[in-house]
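Written out below as structure tokens is the structure these notes cover.
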Amino acid sequence: MKAKISVIIPAYNTGNYIENSLMSVIDKQMKTEIIVVDDGSTDNTQQIVESLKKGYDNITFLQQEHKGPSSARNAGLDIAQGEYIAFLDSDDTLVPYSLKRLYAKAIKRNADVVVGSMNFITSSSVTLNLGDRVPQQVKGNIMDGQEYYATLLTHGSYNATGTNMLYRNDWLKEQRLRFTENILFEDELWTMEVLNKCKRLYCSSINYYNYYKRSGSITNSTMDDLKKQSLRIVCERVIADYQLFNGQWEEQNKWNLLNLIRICKIALARIGNVPEKDFFLSTIQQAIESSRNNNLHLT
């Protein structure tokens, strides 16, 4: 029988966490395909996954040279057979029974994308439910992804993350959606493209994903050259993909401009007073000028 959901888990040196991550997915009440892609781990990640795999026939284990989480997610997408796709980072967990509940919403609403609520958990175990920041008018409704995107940006509650959503597998294939490889902050491009293309999105109130903020994680560690370069590439891709500075365009680009400014501000907050800041400052100014030229107000 075809799996209802394929959960893709990229793993890199997360031997201390991956068992908890995997066990949070395993649910005997529904048919789930679990795809773990080991991205060149050098710790005991492989041994832990292979040991768990002996007890569960729904775990597929792939290994590749270290290429980054985008490549690992794409490798999982290449073989995933489930009706819907979920992404889980190997040091995070899912809330018990939430996957089954989110899938039920997806089927009932015939949605291409279903959003669940995310818990943001700090190293001191303080939990912030990011779903509490989502405007009430988007909850419980089928809507265009652009409407959802615009509403969250307007309310300052937009977070670019690919892990708090389920995606209809056939829809991802139809849209040819893939993660951009060889960069960090890949969720910025992925989430933006998903929401701009999705016509049937359902935002639920289901408490779904536990994100653990760890001091040593890629996005939380000190800014280095790859991160600076990645944020610049993200901005350049956004500008090029949506033709933001090329004269007249549709009003939807108001929200893409606003998101571009948001990304630049993230970069400026991280990189400090270094030469790279000039690119992001210039980009913000161009975005403001472009909005004026198109008679749009960003606030």
Quiz item: Between S204 and V115, is there a donor-acceptor pair closer than 3.5 Å when you use the side chain of the first and the backbone of the second?
Solution: yes

Quiz item: Distance-only, no hydrogens or angles: does the Q81 side chain make a donor-acceptor pair with backbone N or O of I79 under 3.5 Å?
Solution: yes

Practice problem: Give the cluster check for L177 versus Y148: same hydrophobic cluster or not, with ILVMFWY residues linked at side-chain heavy-atom distances below 4.5 Å. | Solution: yes

Exercise. Measure from the ring center of F87 to the ring center of W190 and say whether it is less than 6.0 Å.
Key: yes

Quiz item: Which heavy atom in C203 sits nearest to a heavy atom in V138, and how many Å separate them?
Solution: CB-O, 3.2 Å

Self-check item: Derivation and outcome, side chain to side chain contact (heavy atoms under 4.5 Å, CB included), residues I284 and K265
Solution: CA-CA 8 Å; I284 290 174; K265 288 181 176 179; 4.3 Å; yes

Quiz prompt | Y242 side chain to Q252 side chain, donor-acceptor N/O pair below 3.5 angstrom | solution = no

Quiz item: Got T180 and I233 here, is their nearest side-chain heavy-atom distance under 4.5 Å?
Solution: no

Practice problem: For residues D144 and C198, report the shortest heavy-atom separation together with the two atoms involved. | Solution: OD1-O, 3.6 Å

Quiz item: Taking the side chain from S291 and the backbone from I288, do they hold a donor-acceptor pair closer than 3.5 Å?
Solution: yes

Exercise. May I ask whether V95 and I121 are part of the same hydrophobic cluster, defined by side-chain heavy atoms of I, L, V, M, F, W, Y residues being less than 4.5 angstrom apart, directly or through others?
Key: no

Exercise. Please round to the nearest 0.5 Å and tell me the distance separating atom OG1 of T283 and atom CD1 of I263.
Key: 10.5 Å

Quiz item: Could you state the interatomic distance from CD (E236) to CG (L231), rounded to the nearest 0.5 Å?
Solution: 11.0 Å

Practice problem: Go through D39 and Q64 one step at a time and tell me if the side-chain hydrogen bond (donor to acceptor under 3.5 Å, both in side chains) criterion holds. | Solution: CA-CA 5 Å; D39 187 42; Q64 64 178 33; 2.8 Å; yes

Quiz prompt | Taking every non-hydrogen atom, the tightest pair across I8 and G76 | solution = CD1-C, 3.5 Å

Quiz prompt | Residues, nucleotides or ligands: over 12 heavy atoms within 6.0 Å of K139 NZ | solution = yes

Exercise. Give the minimum heavy-atom separation between L99 and M30, together with the two atoms involved.
Key: C-SD, 4.3 Å

Quiz item: Does a side-chain heavy-atom distance below 4.5 Å link N196 with N256?
Solution: yes

Exercise. In plain terms, say whether D112 and R168 are close enough for a salt bridge, that is, a side-chain N and a carboxylate O under 4.0 Å apart.
Key: yes

Quiz item: Taking C-beta and beyond as the side chain, do F245 and L260 meet within less than 4.5 Å on heavy atoms?
Solution: yes

Exercise. Take L77 and R73 through the test side chain to side chain contact (heavy atoms under 4.5 Å, CB included) and record every step on the way to the result.
Key: CA-CA 6 Å; L77 283 172; R73 285 176 174 175; 5.5 Å; no

Quiz item: Taking a hydrophobic cluster as the set of Ile, Leu, Val, Met, Phe, Trp and Tyr residues connected by side-chain heavy atoms closer than 4.5 Å, whether directly or through intermediates, do M143 and V194 fall within one such cluster?
Solution: yes

Quiz item: Do you know the tightest heavy-atom contact between A86 and I5?
Solution: CB-CG2, 4.2 Å

Exercise. Could you tell me whether the side chains of T93 and N210 share a donor-acceptor contact shorter than 3.5 Å?
Key: yes

Quiz item: Is Y17 reachable from L52 through a run of hydrophobic residues whose side-chain heavy atoms are each under 4.5 Å from the next?
Solution: no

Quiz item: Taking E276 for the side chain and K228 for the main chain, is one N or O donor matched with an acceptor at less than 3.5 Å?
Solution: no

Quiz item: For Q63, does the CD atom have more than 12 heavy-atom neighbours from other residues, nucleotides or ligands under 6.0 Å away?
Solution: yes

Quiz item: Any luck finding a side-chain donor-acceptor pair between D89 and Y212 under 3.5 Å?
Solution: no

Exercise. Check for a donor-acceptor pair, side chain of N253 on one end and backbone N or O of L244 on the other, with a separation under 3.5 Å.
Key: no

Quiz item: Between the side chains of S70 and E181, is a donor N or O closer than 3.5 angstrom to an acceptor N or O?
Solution: no

Quiz prompt | Flag side-chain contact, heavy atom, 4.5 Å: P69 against Y12 | solution = no

Quiz prompt | Backbone of D43 reached by a side-chain donor or acceptor of N13 within 3.5 Å | solution = yes

Quiz item: Checking N119 side chain against T127 main chain: does a donor-acceptor pair fall under 3.5 Å?
Solution: no

Quiz item: Do the side chains of L201 and Y149 get nearer than 4.5 Å, heavy atoms only?
Solution: no

Quiz prompt | R237 vs M192, side chain to side chain contact (heavy atoms under 4.5 Å, CB included): CA-CA, chis, key distance, verdict | solution = CA-CA 11 Å; R237 275 283 306 275; M192 194 172 182; over 6 Å; no

Quiz prompt | Close side-chain approach of R101 and Y208, heavy atoms under 4.5 Å | solution = no

Quiz item: Does a side-chain heavy-atom distance below 4.5 Å link I26 with Y56?
Solution: yes

Quiz item: Where do A11 and V36 come nearest, in terms of heavy atoms and distance?
Solution: CB-CG1, 4.3 Å

Quiz item: Distance from S205 atom OG to N129 atom CG, nearest 0.5 Å?
Solution: 9.5 Å

Practice problem: Would you tell me whether Y209 and D92 have side-chain atoms, one donor and one acceptor, within less than 3.5 Å of each other? | Solution: yes

Quiz item: Counting only heavy atoms not in K53, do more than 12 sit closer than 6.0 Å to its NZ atom?
Solution: no

Quiz item: Can you check whether S21's main-chain N or O pairs, donor with acceptor, with S24's side chain at less than 3.5 Å?
Solution: yes

Self-check item: Donor-acceptor contact below 3.5 Å, side chain S290 vs main chain Q286
Solution: no

Quiz prompt | Intermediate values then yes/no, salt bridge (charged side-chain N to carboxylate O under 4.0 Å, His left out), E188 and R262 | solution = CA-CA 11 Å; E188 291 286 353; R262 170 189 153 273; 3.0 Å; yes

Quiz item: To the nearest 0.5 Å, how far apart are CD1 in I266 and CD1 in I271?
Solution: 12.0 Å

Quiz item: Under 3.5 Å, side chain of R200 to main-chain N/O of R109, donor-acceptor pair present?
Solution: yes

Quiz item: OG of S6 to CD1 of I34: how many Å apart, nearest 0.5 Å?
Solution: 10.0 Å

Quiz item: Any side-chain heavy atom of N259 sitting closer than 4.5 Å to one from V238?
Solution: no

Quiz item: Measuring from S90:OG to N16:CG, what's the distance to the nearest 0.5 Å?
Solution: 11.0 Å

Quiz item: Going through the distances and angles, do N164 and N159 end up as a side-chain hydrogen bond (donor to acceptor under 3.5 Å, both in side chains)?
Solution: CA-CA 10 Å; N164 69 328; N159 289 288; over 6 Å; no

